[in-house]
Amino acid sequence: MPFSEENVLDFVKWLEKSYFVERALGRIEKLLAPEFMMVGTGRREVCYDMPQMRFLLQQEQSGFHDTFLVLSAHYSVRTLTPEVFSVCGELVVRENNESCEMLDLPVRVTIILRAEQGCLLLSQLHLSLPSPDQDDAEFFPRLLVGENISTLRRLADERSAELRERNRDLDALMNNIPGGVMCCDATDELNLLQFSDGLLSMLGYTREELRTVFHNRFSEMIYEPDIAPTWEAVHAQLEKGNTKLIEYRMARKDGGLIWVQDRGQLMRREDGREVFYCILLDITETKKAQEDLRLSLERHQIIMDQTNDIIFEWQVKQDTLTFSPNWEKKFGYEPVRENVHARLLDNPHLHPDDAPLLRRKLSDILEREPYQEAELRIQKRDGGYLWCRVRATLQKDRAGEPAKAVGVILDIDAEKREAQRMRERAERDTLTGLYNKGTMEAKADHALGALMPGENAVLLMIDIDNFKQVNDFYGHLSGDVMLTEAARMLQDMFRASDILGRIGGDEFTVLLRGSGAQAIAGRKAQEVLDAFARLLPAQGGGPGFFLQCWHRSSAAGWYRLSHAL
């Protein structure tokens with residue numbers, strides 16, 4: 001907004017009041033141009049930059065404490081360029097000091113002001129006292145008048161050219177800042193005082209359209225539902241300082257909405273007017289990405305809240321683990337979270353038989369395949385184990401290095417137990433619970449093939465003779481009871497490592513393994529004879545039984561040890 005000569009005169013009156021009447025020298029310092037130059041009334045009151053002027057003001061403030069009365073003042077203003085003004089003035093002042101008699105002091109003033117970013121800055125100041133010998137009509141000595149006026153004009157022209165060059169540099173800088181730059185007053189209307197072409201590019205309007213459509217009121221460009229919360233945020237931030245960082249939406253000329261980040265500072269001009277200096281950035285794409293991320297995280301949270309599966313994330317470089325909250329609900333204790341690679345393999349909650357598998361899978365996912373799956377047993381708080389299926393996929397960073405593994409832990413305990421039940425049902429004789437013929441043969445072949453040097457195996461074959469008489473005389477239910485009782489007696493007599501099976505209607509086999517199998521077999525055979533002798537009379541007599549013992553060492557074939565009737 002251009003300054004009028006009336007604005008310049010108001011500024012000079014404010015300067016007069018600050019310097020002479022109120023002696024607020026620190027206030028003046030804030031409005032000095034960087035190239036400030038001054039010549040004062042004293043011989044040493046000369047400075048050519050701000051540091052020298054600052055030193056002079058400090059010296060004056062500390063050495064002279066009285067104020068002045070301004071008895072009269074007259075100023076004339078001249079516009080040199082739209083941004084540069086000269087002021088000439090005469091005033092009469094008197095020192096406020098009752099301890100001595102003070103004379104009225106005439107002072108001549110010459111001032112150069114320039115406008116910059118909506119402010120007037122003091123560029124040059126010359127204070128002088130008229131000589132007692134000078135005639136009233138002699139402002140300068142006659143012989144030097146022409147030369148001095150010419151010099152002043154030349155300096156003013158040079159100064160104007162320098163200021164125009166600086167303004168061009170400032171405009172170029174503002175127009176190359178991403179987004180828009182603006183200065184507006186701190187009223188509710190936010191009247192625009194100055195703005196860059198970047199603001200026009202963001203909104204799609206011309207400068208004339210901002211004036212005619214919005215009356216240069218920035219508040220009318222903000223999306224109406226955002227105005228109240230925006231002001232609320234501004235007031236909250238200004239209570240803590242003079243800066244603001246806010247986000248709101250603005251309407252473009254094409255009807256679309258854009259998100260804007262507004263970073264600004266509140267400043268008070270010397271005339272008491274408050275203004276905002278702001279940098280505006282179009283963050284529409286950033287907000288869209290943030291919203292997409294929020295929805296993604298929300299979906300992820302919904303999935304975690306609704307699933308019974310446990311989701312985990314392993315940060316490989318930090319070697320830390322995070323789990324969804326349902327871990328503790330399922331297992332009843334805190335999981336391993338740090339030093340994962342070492343502590344996970346030594347974790348007492350992992351079934352000891354599954355540790356080698358987990359070690360191999362951890363190595364494979366880092367060095368071979370990015371996707372791994374394993375079935376492991378994890379202990380619950382009550383000591384029981386749950387079968388779990390663990391699936392994990394490795395993610396790498398831009399350098400191709402392992403970054404994190406994301407996976408899920410599924411509870412497959414019921415599935416595994418059902419599979420075990422079905423497998424046992426297929427392997428077992430439905431009446432006695434012993435291995436059926438096919439399973440007995442397969443397990444016996446496997447056990448014999450695994451015999452180590454020095455180990456032996458003994459196979460007991462037991463047959464109940466004339467068993468048909470029991471079924472015919474007492475009925476098949478009684479026969480089933482007899483077979484079930486025989487199987488129970490055999491299970492009680494032999495070790496868990498021995499393999500027992502029913503290979504026919506009334507035929508049973510037992511396979512014993514180990515270095516002492518031959519010695520154990522003789523004793524066990526006698527126990528079988530005694531047990532069956534007690535069993536058969538209890539069934540009413542009639543059938544007998546037959547028992548054979550066959551022996552095999554790791555280096556020889558089968559041969560019969562003995563048989564008993």
Side-chain angles (χ1 to χ4, degrees), residues 1-11 14 79 81-83 85 114-121 167-168 170-238 242-284 287:
M1 183 181 68
F3 287 88
S4 65
E5 292 184 358
E6 183 178 356
N7 298 140
V8 174
L9 188 59
D10 290 340
F11 178 86
W14 173 87
T79 302
T81 72
E83 295 83 22
F85 306 87
R114 66 177 175 88
E116 181 176 322
Q117 293 187 354
C119 297
L120 286 173
L121 298 179
N167 285 335
R168 282 196 298 269
L170 181 60
D171 289 341
L173 177 62
M174 289 175 58
N175 290 326
N176 281 281
I177 293 177
V181 179
M182 72 167 187
C183 173
C184 64
D185 63 24
T187 63
D188 291 343
E189 292 79 15
L190 298 174
N191 297 296
L192 287 172
L193 305 177
Q194 189 175 1
F195 55 89
S196 69
D197 292 341
L199 178 63
L200 302 174
S201 299
M202 288 172 59
L203 301 179
Y205 289 99
T206 65
R207 290 182 179 269
E208 179 62 19
E209 287 172 331
L210 290 191
R211 185 182 68 81
T212 57
V213 177
F214 300 106
H215 310 96
N216 279 339
R217 295 171 182 167
F218 189 76
S219 60
E220 296 184 13
M221 306 176 197
I222 300 175
Y223 185 47
E224 198 277 334
D226 291 353
I227 294 177
T230 296
W231 271 116
E232 184 178 346
V234 170
H235 291 319
Q237 294 181 25
L238 292 181
N242 64 339
T243 61
K244 63 183 174 80
L245 179 59
I246 54 177
E247 297 176 357
Y248 47 82
R249 288 167 290 182
M250 299 185 69
R252 285 179 48 85
K253 183 179 179 180
D254 59 13
L257 289 176
I258 61 172
W259 273 99
V260 173
Q261 182 188 78
D262 182 341
R263 184 185 297 271
Q265 184 172 6
L266 180 66
M267 298 186 66
R268 185 182 296 275
R269 292 181 174 179
E270 295 303 328
D271 59 2
R273 190 180 188 184
E274 289 187 330
V275 297
F276 284 116
Y277 290 93
C278 307
I279 296 177
L280 309 177
L281 297 178
D282 183 348
I283 59 169
T284 305
K287 293 291 286 187

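Of all heavy-atom pairs between D282 and M202, the closest is N-CE, 4.0 Å. What you find for V275 and C183 is that their closest heavy atoms are CB-SG, 4.1 Å. Counting all heavy atoms, side chain and backbone alike, A233 lies closest to I246 at CB-CG2, 4.0 Å. In terms of heavy-atom proximity, L266 sits nearest to A186 at CD1-CB, 3.8 Å. What you find for Q117 and Q194 is that their closest heavy atoms are CA-OE1, 3.1 Å.
Applying the side chain to side chain contact (heavy atoms under 4.5 Å, CB included) rule to C119 yields the partners R269, Y277; only residues at least two apart in sequence or on another chain are considered. For S4, the side-chain hydrogen bond (donor to acceptor under 3.5 Å, both in side chains) partners at least two apart in sequence or on another chain are N7. Remark: Q261 engages L245, E247, R263, L281, I283 in a side chain to side chain contact (heavy atoms under 4.5 Å, CB included) (not counting sequence neighbours). Residues satisfying the side-chain hydrogen bond (donor to acceptor under 3.5 Å, both in side chains) test with E208, not counting sequence neighbours, are R211. In this structure, the side chain to side chain contact (heavy atoms under 4.5 Å, CB included) partners of L200, at least two apart in sequence or on a different chain, are F195, D197, R207, L210.
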Could you pull out all donor-acceptor pairs under 3.5 Å where a side-chain atom in residues 218-231 meets a protein atom, sequence neighbours excluded?
from	atom 1	to	atom 2	distance (Å)
S219	OG	E189	O	3.0
E220	OE2	R217	NH1	3.3
D226	OD1	R249	NH2	2.8
D226	OD2	R249	N	2.9
D226	OD2	R249	NE	2.9
T230	OG1	D226	O	2.5

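Using modelled atom types, one finds no donor on one side chain facing an acceptor on the other under 3.5 Å when comparing T243 with Q237.
For the atom pair CG (N242) and CD (E274), the distance works out to 10.0 Å, reported to the nearest 0.5 Å. Atom SG in C184 sits 7.0 Å away from atom CG in L193 (nearest 0.5 Å). Atom NZ of K244 and atom CG of D262 lie 3.0 Å apart (nearest 0.5 Å).
The closest side-chain heavy-atom distance from F214 to Y205 is below 4.5 Å. Side-chain contact between I258 and L203 is present, with heavy atoms from C-beta onward closer than 4.5 Å.
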F276 and V234: side chain to side chain contact (heavy atoms under 4.5 Å, CB included), yes or no, with the steps?
CA-CA 11 Å; F276 284 116; V234 170; 4.2 Å; yes
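At distances below 3.5 Å, at least one donor-acceptor pair connects side-chain atoms of T284 with backbone N or O atoms of W259.
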